[in-house]
Number of protein chains: 2
Amino acid sequence: MGAAKETLGEEQPWAEVSPDAARRLLIAAVEAFAERGYHATTTRDIAGRAGMSPAALYIHYKTKEELLHRISRLGHEKALAVLRTAADGGGTAAERLADAVRSFVRWHAGHHMTARVVQYELDALGPEHRTEIVALRRKSDAAVREIINDGVRAGEFDVPDVPGTTLAVLSLCIDVARWFNTAGHRTPDEVGALYADLVLRMVGAEPGVAGAGAGAGVAG
Amino acid sequence: MGAAKETLGEEQPWAEVSPDAARRLLIAAVEAFAERGYHATTTRDIAGRAGMSPAALYIHYKTKEELLHRISRLGHEKALAVLRTAADGGGTAAERLADAVRSFVRWHAGHHMTARVVQYELDALGPEHRTEIVALRRKSDAAVREIINDGVRAGEFDVPDVPGTTLAVLSLCIDVARWFNTAGHRTPDEVGALYADLVLRMVGAEPGVAGAGAGAGVAG
DNA sequence: CACTTGCCTAAGCGCTTGCTCACCCGCAGG
DNA sequence: CCTGCGGGTGAGCAAGCGCTTAGGCAAGTG
């Protein structure tokens, strides 16, 4: 019952980071940044969590900011991939929107530590890194807006303000990273299902048109 | 056109803070915390923005954390007051919910600097101050949940999961503080109207039941 | 064996941080 | 005039910060 330590869901996804010491440092940084924020986290803290001396960090990363950049980029790429998989899947616009919201929310809840860093520590990045990440965000926005536009064109949705509604839908999903595991005892799957339903209502889709639809895991 | 510097809407609300120097410091702190975050803001920066020497801050506030606490408490109290005014107003549940969301969102957009600090710098508070603020938050949650429960009882709303939907509604409103004036050219009134409509859809209210409803200003 | 290479540490440098302290100034009361 | 007092400053302290440097140690290669 309840959310497991996330470690199970968090240790495999960073498999692309090597060598092993660099990955351990990155995981330690994700935890520290998520708990206390980037600026309140010291390099000594990160190294300590990874079981290393402070200097070890600088063998694998040039600066503390580079660590945040790596986390932010990888995290955004994964979240975007999850979104696009659903967006490019088959089915009606309602089905695709429900699928997108369900998996996007599931990712944010299941990886809420990573998601929190990715979504809320953006301002701590340097200017160039920041603009790079903002570009990735715009792609997420475009993916959602496209589905909603499709639904409007097909007559499935009733949406007076498409950009505004797109913004609200994404905002709703992203904010999951802030409150998840701070507020309650829901599983990522439950939150994903609830939010998919709420979003279908927001766009005025016919009730029950894309209701159930399980789906595999949280994905990497 | 567009959002004025917020200064107009921000300088009067802090009228309850005295003496004048203490208020200037507090306003400077709100700006700095909102722009860069609590931990990235230095006491020298705050004092500088207020046109004072670094030491002047400690005449009016014991610590930097006390400044954040003051901002957080006053901000939460104001936001809660705005919410309750709408919640305790007359009318159907749909009307009250729309009113609550509209004014709550309008406050978050109109005072987005204060709101950002209030909503996103909570973890920077010390333990006791933090729990005090969390208690205020629960009251906001209760206010919204009560309206939704009323609507369900009256048969106005169709809400399978009341706690979950309450959480989502508040989450949606709060996140306005994150993206407002970073994303676009909407006025607080426009965002409030859009969000009130979206929330009515989320709870399955009859369309057009609490549609227009202007309302005065953003309130203090 | 000697020598290189990759990973890691102990020590610490230069700087900034939150905060303090001794002192100063304008002004009201006597 | 002097005195006291609330509000202000300049200088600076102790601590902690991000990051560097010199060196150690185990494994791989001739």
Side-chain angles (χ1 to χ4, degrees), chain A residues 14-72 117 121-130, chain B residues 14-72 117 121-130:
Chain A
W14 298 113
E16 65 254 61
V17 180
S18 72
D20 184 73
R23 177 171 53 251
R24 265 159 49 219
L25 283 164
L26 190 135
I27 292 170
V30 167
E31 287 177 15
F33 292 163
E35 276 177 28
R36 316 148 79 105
Y38 175 81
H39 289 292
T41 299
T42 69
T43 55
R44 281 166 241 263
D45 184 20
I46 297 169
R49 282 179 196 245
M52 293 163 150
S53 87
L57 197 151
Y58 295 92
I59 295 165
H60 302 280
Y61 302 94
K62 247 192 332 218
T63 64
K64 177 179 150 189
E65 196 260 359
E66 191 196 315
L67 244 176
L68 176 62
H69 174 56
R70 280 259 218 289
I71 293 168
S72 214
V117 177
E121 301 292 344
L122 204 114
D123 298 324
L125 287 168
E128 316 104 57
H129 287 165
R130 212 190 105 96
Chain B
W14 298 113
E16 65 254 64
V17 181
S18 72
D20 184 73
R23 178 170 53 250
R24 266 160 48 221
L25 282 165
L26 190 135
I27 291 170
V30 167
E31 288 177 14
F33 291 164
E35 277 178 26
R36 315 148 80 106
Y38 175 81
H39 289 291
T41 300
T42 69
T43 55
R44 280 166 242 263
D45 184 21
I46 297 169
R49 282 178 197 244
M52 295 163 148
S53 85
L57 197 152
Y58 295 91
I59 295 165
H60 301 281
Y61 302 95
K62 246 193 331 218
T63 63
K64 179 179 150 190
E65 195 261 0
E66 190 196 315
L67 245 177
L68 177 62
H69 173 56
R70 281 259 217 290
I71 294 168
S72 213
V117 177
E121 300 292 344
L122 204 115
D123 298 324
L125 288 168
E128 317 104 58
H129 288 163
R130 213 190 104 97

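These values consider heavy atoms only, across backbone and side chains, with no hydrogens, waters or symmetry-generated copies. Chain letters run A, B, ... following the sequence lines, proteins first and then strands; every chain starts at 1.
Atom-to-atom, OH of B/Tyr58 to C1' of D/dC13 comes out at 13 Å; the value is rounded to the nearest Å.
Legend: residues meeting ring-ring contact (aromatic ring centres under 6.0 Å, His included) with A/His60, ordered by chain and number and at least two apart, are absent. By the salt bridge (Lys or Arg N to Asp or Glu O under 4.0 Å) test, A/Glu66 pairs with A/Arg70, sequence neighbours left out. B/His39 meets the side-chain contact (heavy atoms from CB on, under 4.5 Å) test with A/His39, A/Ala40, B/Ala124; sequence neighbours excluded.
For DNA chain C, the residues of residues 36-45 of chain A within the heavy-atom distance limit of 4.0 Å (strictly under) are A/Arg44, sorted by number.
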Does A/Asp20 form a side-chain contact (heavy atoms from CB on, under 4.5 Å) with A/Arg23? I'd like the steps, not just the answer. CA-CA 5 Å; A/Asp20 184 73; A/Arg23 177 171 53 251; 3.0 Å; yes
Check residues 49-56 of chain B and write down every donor-acceptor pair under 3.5 Å in which the side-chain atom is one partner and the other belongs to a residue at least two apart or another chain.
| residue | atom | partner | partner atom | Å |
| --- | --- | --- | --- | --- |
| B/Arg49 | NE | B/Asp45 | OD1 | 3.4 |
| B/Arg49 | NH2 | B/Glu35 | OE1 | 3.2 |
| B/Ser53 | OG | B/Ala55 | N | 3.4 |

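For the atom pair B/Leu57 CG and B/Lys62 NZ, the distance stands at 13.5 Å (nearest 0.5 Å). The CD1 atom of B/Ile27 sits 13.0 Å away from atom CD1 of B/Ile46, with the distance rounded to the nearest 0.5 Å. Rounding to the nearest 0.5 Å places CD of A/Glu128 at 9.5 Å from NE2 of A/His69.
Side-chain atoms of B/Glu121 never come within 3.5 Å of backbone atoms of B/Leu68 as a donor-acceptor pair (strictly under, hydrogens ignored). Panel note: side chain B/Tyr58, backbone B/Lys64; no donor-acceptor pair is recorded below 3.5 Å.
From one end of the helix from C/dC1-D/dG30 to C/dG30-D/dC1 to the other, with five pairs defining each end axis, the axis direction shifts by 10° (rounded to 10°).
Residue pairs that meet the ring pair (Phe, Tyr, Trp, His ring centres under 6.0 Å) test with at least one member in residues 18-38 of chain B, sequence neighbours left out, are B/Phe33-B/Tyr38.
For DNA chain C, the contact window with chain A, defined by any atom under 4.0 Å from a protein heavy atom, covers C/dC8 to C/dG12 in 5' to 3' order.
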Under 3.5 Å, which protein N or O atoms sit close to an N or O of nucleotides 4-7 of chain D? Give each pair with its distance.
none

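A salt bridge between B/Arg36 and A/Asp123 is absent, with no side-chain N of the basic residue lying under 4.0 Å from a carboxylate O of the acidic one.
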